[in-house]
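Values below: every heavy atom of this structure, side chains too, minus hydrogens, waters and symmetry copies. All chains are named by letter (A, B, ...) in the order of the sequence lines, taking the proteins before the strands, and each is independently numbered beginning at 1.
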Amino acid sequence: DVQMTQSPSYLAASPGESVSISCKASKSINTYLAWYQEKPGKTNKLLIYSGSTLQSGTPSRFSGSGSGTDFTLTIRSLEPEDFAVYYCQQHNEYPLTFGSGTKLEIK
Amino acid sequence: QVTLKESGPGILQPSQTLSLTCTFSGFSLSTYGMGVGWIRQPSGKGLEWLANIWWDDDKYYNPSLKNRLTISKDTSNNQAFLKITNVDTADTATYYCARPPLGSIFDYWGQGVMVTVSS
């Protein structure tokens, strides 16, 4: 199985700031990485797939980069609605595997 | 508009079989490329993929639970199902169904259903 190591597990930032979340795969997954947002009372939201492709409806302040084993989710100019939990997921091979999550909180 | 909704027993005892239903709308499992997946999340923990079923009845399982999982579908009624046999307390979690278009990313999720395994 491909192990996904996500860091940090917790991140505090202020609105307007930019943040980055890292996701590392235990072996190459090409560019097949997705990012999801989890918020209480809402269904999980697909933000980015294939490393850097924004899902329809994802604001442009979100961006994804990386290939092989190292990936990054960057959120520029944080909005209040961005404070949530973020997960990465590799979609290169079965079994599909997720990172352990990053909780982004307001500082 | 794509929606998915999970339903399940709420609570069951160790060694029983967990039966989950995903009722969806806005897409059809008879359409090329469509599928339904199941993912679970123990309280306070991360996400674990369990299984996918595709429009052509192809199925994929997480090998860590493979012998205990059965995924199936009812295309006519827009439902997908997951059975987990011989449950124990480690199966206590919120169970989600989600739509994976080609490529096994999940673009729509249900709200999840909580399942507790307790004697």
Side-chain angles (χ1 to χ4, degrees), chain A residues 1-10 21 23-26 29-58 62 64 71 73 84-104, chain B residues 1-6 22-27 33 35-54 58-69 71 82 84 93-114:
Chain A
D1 299 5
V2 181
Q3 305 303 315
M4 306 302 297
T5 302
Q6 196 173 332
S7 63
S9 55
Y10 172 84
I21 299 169
C23 189
K24 295 183 185 292
S26 59
I29 55 170
N30 301 296
T31 59
Y32 296 114
L33 187 96
W35 292 97
Y36 299 89
Q37 180 189 67
E38 176 189 274
K39 295 176 76 172
K42 295 197 170 185
T43 60
N44 290 344
K45 182 179 180 182
L46 171 66
L47 299 172
I48 289 169
Y49 61 94
S50 296
S52 60
T53 302
L54 264 61
Q55 172 70 351
S56 175
T58 301
F62 289 86
F71 298 85
L73 171 69
V85 180
Y86 293 88
Y87 291 96
C88 61
Q89 178 226 325
Q90 64 84 14
H91 55 103
N92 184 60
E93 62 182 63
Y94 286 108
L96 309 175
T97 47
F98 291 85
S100 55
T102 295
K103 186 173 186 178
L104 175 58
Chain B
Q1 179 188 3
V2 174
T3 64
L4 303 99
K5 186 172 183 179
E6 308 86 350
C22 176
T23 303
F24 55 87
S25 63
F27 68 101
V36 168
W38 288 94
I39 303 103
R40 71 180 180 183
Q41 184 174 34
S43 180
K45 297 189 177 181
L47 298 162
E48 179 182 30
W49 172 76
L50 300 175
N52 281 4
I53 189 166
W54 297 99
D58 206 4
K59 301 164 187 173
Y60 293 85
Y61 294 102
N62 191 322
S64 68
L65 294 95
K66 185 184 191 317
N67 292 338
R68 301 172 53 213
L69 298 178
I71 192 169
L82 184 71
I84 306 178
T94 297
Y95 287 78
Y96 299 94
C97 62
R99 187 182 81 161
L102 285 171
S104 288
I105 54 172
F106 298 102
D107 65 348
Y108 289 94
W109 293 63
Q111 290 275 10
V113 61
M114 287 188 60

Part of B:Leu4 lying under 4.5 Å from any heavy atom of chain A: neither
Structural part of B:Tyr60 lying under 4.5 Å from a heavy atom of chain A: side chain
Hey, could you give me the [atom1]/[atom2] distance between [X] and [Y], rounded to the nearest 0.5 Å?
| X | Y | atom1 | atom2 | answer |
| --- | --- | --- | --- | --- |
| A:Tyr36 | B:Ile39 | OH | CD1 | 7.5 Å |
| A:Ser56 | B:Asp107 | OG | CG | 10.0 Å |
| A:Asn44 | B:Tyr96 | CG | OH | 5.5 Å |
| B:Trp49 | A:His91 | CH2 | NE2 | 14.5 Å |
| B:Asn62 | A:Asp1 | CG | CG | 6.5 Å |

If we ignore angles and hydrogens, is there a donor and acceptor under 3.5 Å between the side chains of A:Tyr32 and B:Ser104? no
Around atom NZ of A:Lys103, are there more than 12 heavy atoms of other residues, nucleotides or ligands at under 6.0 Å? no
Mind ranking A:Tyr94, A:Phe98, A:Tyr49 by heavy-atom pairs under 4.5 Å with chain B and telling me who comes out on top? A:Tyr94
Under 4.5 Å from any heavy atom of chain B - which part of A:Glu38: side chain
Taking all non-hydrogen atoms of both residues, which atom of B:Gln41 and which atom of A:Tyr87 are closest, and how far apart? NE2-OH, 2.8 Å
Nearest atoms (heavy-atom pairs only) where A:Ala34 meets B:Ile105: CB-CG2, 3.9 Å
Verdict with reasoning, B:Phe106 to A:Gln89, per side chain to side chain contact (heavy atoms under 4.5 Å, CB included): CA-CA 10 Å; B:Phe106 298 102; A:Gln89 178 226 325; 3.7 Å; yes
